[in-house]
Amino acid sequence: MQFETLPGFREFYPDACARRNHIFGQWRKVARAFNFLEYDAPVLEPLELYIEKSGEEIVGQLFNFEDRGGRAVALRPEMTPSLARLVGAKANGLKRPIKWFNIGEHYRYERPQKGRLRAFYQYNVDIFGEAGPGADAELIALLVQALQAFGLGSDDFKVRLSDRDLWLHMLAAEGLDEDASATVLGIIDKLERMDRSKAIERLAPVIGDEAEAFLGRIEEVIAIRDFETLTNYMQNLASEGDIADQIRIRLGEWEQLLNSLQAAGAGEFIQIDLGIVRGLAYYTGFVFEAFEASGEGRALAGGGRYDALVKKLGGPDMPAVGFAMGDVTLADLLESKGLTPTYVQSPDFIAIIGGPEARDAAMGDAALIRRMGYTIDYPLKDQAFGKQFKEANQKGARFALIYGSEEIEQGVVKVRDFSSGVEQMLPRDGLEASIPDLMQSGLS
RNA sequence: GUGGCUAUAGCUCAGUUGGUUAGAGCAUCGGCUUGUGGUGCCGAGGGUCGCGGGUUCGAAUCCCGUUAGCCACCCCA
C-alpha cells in the first residue's frame, strides 16, 4: 500500500527544508532586530474561538472535527485569535508595548491553487498596547525590512497603505451611518474585481439613485496616490464641524506615519492606495498590504489595526496592530526572481578510513571534533580509498582526514585540504589545539 | 463548491493508425586489485503505464468513472 500526502500538504525533502528554513531564518532575524519576542500557541484550538472572531461561515474553510472528549476543535487557520487570547489573559502583567512574533504552520480546508495550499507557514507580527501611529510605523517598517532581507527591492514589491478610519469619516461626511458604511467598505474591497455596473447595483440599496455619482467619487479617492492630493480632497469634503475636525486629526496621524516610514528608509516602498480596505470587518484603522510590484501583483502580506478584537475575544480593551505573511507566495516570488540561494549542507571533514583499527581511531577523533562543534562524516562500512575520496568530494567536504595503517602506527592523521590539494600530518593527540587553526586558515 | 488541462521509473520525458518482453537521459546501487578528487568505463536494481470498469483476439494507446496534480472562478483570516 502506497500512501500519498493529503491534498494541499507538503513534504520537505532536505533541499526544500533548507529553503524553508532560510525563509524562517530571515523572518526571525528581522523580528529580533526590531526586538520582537517569539511566542507560540497550540495548533489545535476550540472551534468556537474562530467562530467568535469570524462568524459561522468560517467553519466551511476549517479542518475541524470532534475530539474523543466530544469537543468541537479545529486546526488553527490563523494565529490572531490565539494571540489575542494569550495577550488578553495576561494583559495587565505584560509590559507595553507588547511586541511579539510567531512563525507557525496553519491549516485551511480550501481547494489548493497557485500560492495557496491547505497547510502553510505564516509569519505573524503584532504590537499590542499602543494606539498611536508609531506602532503602525514600526510594524510597516518591519514588514518592508523583512522582504528586503531576501534581496527584494522597491521594483519587486510595494506596500499599499490605506485607512478604514479615514473612509468612515469620509462616508460620514457623505451622510452614511455605520451600517451603510460597513456595506460600502465591503463593496470597495471588491471593486477591483467587480464590474462597474455590478458595483452600482450593489451600492443602490444603501445610496439610492445617486449610486453612480457616489461611485465616481469613490473611484476618485481610490485613484489618489500622494498625501497632498489626499489632504486637499479631504479638506474640500468637509471644511468645518465635527467631521472636519476628525478628518483633520486623522490626517495629522497620516502625516506622522508617513514621516516615520520615510525616516526609517521605507518611504520608497509605500504607496497610498485607499482601494485597500481588507475584507475583514475587524480592522479599525490603518490597513496595508504588501504585494508584488511586477507580474501577478499577488499579495505577499497583509495587516492593519484591530483595536477592538482583544476585547471581543474576552480580553481587556487593548489597541493592536499586526500583519501576517505566508511562505508560499513569498517562496514563489523569490524563485521567480532568482533569489533562492542554493544551499550546500556539506561537512567540514570527512574521514577516510583504511580498516577496522583505523575506524576506531577515526571515531575517537570524530567524537572530539563533533564536541568542538564541527561537522565530520565518514563511511559507515569499509570501502576502497578511491571511492571514499570520490564521496568526500561529492559531499563537498572541506578537508579529508586520512586514517591509514601508517598514520595509525605513527599516532598521526593526514589532513588534505581539498581546495588547495595540500596535505599535512597532524599528531592525533594535539587535534584539539590544531583543528581551530586548520578551520581558520586551511592548508596552503 | 464550479470549470479547464494533465497523469508512463526517484526526476525530465519518448512510446507509430491499438500489436510480442514498455524505453532513454539524469539519479540510485555495485564493480573497475583497500592510499587520493565531482568527470571515465562496466554492470545492476527500479514501472500493475494513477486507480476501477468497459470496447477489442489484443489497451500505456480508444470510451466511461474515479482519485490526485496544475490552473482559473468562489473565497482569502
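So that the names make sense, note that chain A is the first sequence line, chain B the second, and so on, each numbered from 1.
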Peer 1: Can you measure A:Asp332 atom CG to B:C70 atom C1' for me and round it to whole angstrom units?
Peer 2: 12 Å
Peer 1: Taking the same atom, P, in B:C13 and in B:U6, what whole-Å distance lies between them?
Peer 2: 14 Å
Peer 1: Name the one of A:Glu130, A:Arg305, A:Glu138 that satisfies side-chain contact (heavy atoms from CB on, under 4.5 Å) with A:Val321?
Peer 2: A:Arg305
Peer 1: Out of B:C75, B:C70, B:G38, which nucleotide sits closest to the side chain of A:Pro112?
Peer 2: B:C70
Peer 1: Show the numbers, then the answer: is there a side-chain contact (heavy atoms from CB on, under 4.5 Å) between A:Leu401 and A:Ile369?
Peer 2: CA-CA 11 Å; A:Leu401 295 179; A:Ile369 288 167; 3.6 Å; yes
Peer 1: Nearest whole Å is fine: how far is B:G35 P from A:Ile350 CD1?
Peer 2: 19 Å
Peer 1: For B:G69, does the base pair up with any side-chain atom of A:Gln113 as donor and acceptor (N or O, under 3.5 Å, distance only)?
Peer 2: no
Peer 1: Using a 4.0 Å heavy-atom cut-off, does A:Gly421 contact any base of the nucleic acid, only the sugar-phosphate backbone, or nothing at all?
Peer 2: base
Peer 1: Carefully, step by step, assess A:Phe399 and A:Ile376 under the rule side-chain contact (heavy atoms from CB on, under 4.5 Å).
Peer 2: CA-CA 9 Å; A:Phe399 300 104; A:Ile376 178 167; over 6 Å; no
Peer 1: With heavy atoms under 4.0 Å as the rule, sort A:Pro77 into base, sugar-phosphate or nothing.
Peer 2: base
Peer 1: Look at all strands and tell whether A:Gly303 reaches a base, only sugar-phosphate, or nothing, counting heavy atoms closer than 4.0 Å.
Peer 2: nothing
Peer 1: Report the nucleotide, chosen from B:G35, B:A68, B:G37, that has the shortest atom-to-atom distance to any side-chain atom of A:Asn393.
Peer 2: B:G37
Peer 1: In this structure, how many angstroms lie between the P atom of B:G38 and the CZ atom of A:Arg398, rounded?
Peer 2: 21 Å
Peer 1: Categorize A:Lys395 for me: base, sugar-phosphate, or nothing, with a 4.0 angstrom heavy-atom threshold over every strand shown.
Peer 2: nothing
Peer 1: With rounding to the closest Å, how many angstrom separate the C1' atoms on B:C11 and B:C63?
Peer 2: 32 Å
Peer 1: With no hydrogens and no angle check, just 3.5 Å: does a side-chain donor-acceptor pair link A:Glu105 and A:Tyr107?
Peer 2: yes
Peer 1: Contact class for A:Ile402 (heavy atom, under 4.0 Å): base, sugar-phosphate, or nothing?
Peer 2: base
Peer 1: Could you tell me how far apart A:Arg193 (CZ) and B:A72 (P) are, to the nearest whole angstrom?
Peer 2: 14 Å
Peer 1: Please classify the nucleic acid contact of A:Tyr50 as base, sugar-phosphate, or nothing, using heavy-atom distances under 4.0 Å.
Peer 2: nothing
Peer 1: Using the P atom on both, measure B:C32 against B:U36 and round to a whole Å.
Peer 2: 14 Å
Peer 1: When the P atoms of B:C42 and B:G58 are compared, how many Å lie between them, rounded to an integer?
Peer 2: 43 Å
Peer 1: Which class fits the ring pair A:Trp27 and A:Phe24: parallel under 30°, tilted 30 to 60°, perpendicular over 60°?
Peer 2: parallel
Peer 1: Taking atom CD of A:Glu432 as the centre, report whether more than 12 heavy atoms of other residues, nucleotides or ligands fall under 6.0 Å from it.
Peer 2: no
Peer 1: Does the protein touch nucleotides 3-11 of chain B at the base, only the backbone, or not at all? Give it as B, S and - per nucleotide, heavy atoms under 4.0 Å.
Peer 2: B--------
Peer 1: Given the rule in the side-chain contact (heavy atoms from CB on, under 4.5 Å) test, do A:Met318 and A:Lys311 qualify, once you have shown the distances and angles that lead to the verdict?
Peer 2: CA-CA 7 Å; A:Met318 172 84 91; A:Lys311 188 170 188 186; over 6 Å; no
Peer 1: Let me know the distance between NZ of A:Lys190 and C1' of B:C73, rounded to the nearest Å.
Peer 2: 14 Å
Peer 1: Using the P atom on both, measure B:G30 against B:G46 and round to a whole Å.
Peer 2: 16 Å
Peer 1: Can you see whether A:Tyr109 has A:Arg118 sitting over its ring - NZ or CZ less than 6.0 Å from the centre and within 45° of the normal?
Peer 2: yes
Peer 1: Kindly indicate whether a cation-pi arrangement holds for A:Arg370 with A:Phe349, taking the cut-offs as under 6.0 Å to the six-membered ring centre and within 45° of the axis.
Peer 2: no
Peer 1: CZ of A:Phe385 versus P of B:U34: gap in Å, rounded?
Peer 2: 11 Å
Peer 1: RNA chain B: A:Gly354 or A:Leu62, which has the more 5' nearest nucleotide?
Peer 2: A:Gly354
Peer 1: Verify whether one side chain among A:Asn64 and A:Tyr50 offers a donor that lies under 3.5 Å from an acceptor in the other.
Peer 2: no
Peer 1: What interatomic distance, in whole Å, is found between P of B:A72 and the corresponding atom of B:U17?
Peer 2: 34 Å
Peer 1: Taking B:C26 as the reference, what is the distance to B:A14 when you measure between their C1' atoms (whole Å, please)?
Peer 2: 15 Å
Peer 1: A:Ile353 or A:Ile58: which one's nearest nucleotide on RNA chain B is closer to the 5' end?
Peer 2: A:Ile353
Peer 1: Dot-bracket for RNA chain B, 5' to 3', with Watson-Crick and G-U pairs under 3.5 Å, [ ] for crossing pairs and | for other-strand pairs: what is it?
Peer 2: (((((((..((((.....[...)))).(((((.......))))).....(((((..]....))))))))))))....
Peer 1: On the ring face of A:Tyr283, is A:Arg164 found with NZ or CZ under 6.0 Å from the centre and within 45° of the axis?
Peer 2: no
Peer 1: Provide a list of protein-nucleic acid N or O atom pairs under 3.5 angstrom, restricted to nucleotides 26-32 of chain B.
Peer 2:
{"residue": "B:G30", "atom": "OP1", "partner": "A:Lys381", "partner atom": "NZ", "Å": "3.1"}

Peer 1: In whole angstrom, what separates A:Tyr109's OH from B:C76's C1'?
Peer 2: 17 Å
Peer 1: Ignoring hydrogens and geometry beyond distance, is the side chain of A:Gln388 in donor-acceptor contact with the base of B:U36 at under 3.5 Å?
Peer 2: no
Peer 1: A:Glu357 has an atom CD; how far is it from atom P of B:G35, in whole Å?
Peer 2: 16 Å
Peer 1: Without hydrogens or angle criteria, can the side chains of A:Tyr39 and A:Asn124 be said to hold a donor-acceptor pair below 3.5 Å?
Peer 2: no
Peer 1: Roughly how many Å apart are B:U48 and B:C41, using the C1' atom of each and rounding to a whole number?
Peer 2: 35 Å
Peer 1: After noting the C-alpha distance and the side-chain angles of A:Tyr306 and A:Lys312, does the key distance pass the side-chain contact (heavy atoms from CB on, under 4.5 Å) rule?
Peer 2: CA-CA 10 Å; A:Tyr306 52 99; A:Lys312 185 179 180 195; over 6 Å; no
Peer 1: Does A:Arg160 make a cation-pi contact with A:Phe291 (under 6.0 Å, within 45 degrees of the axis)?
Peer 2: yes
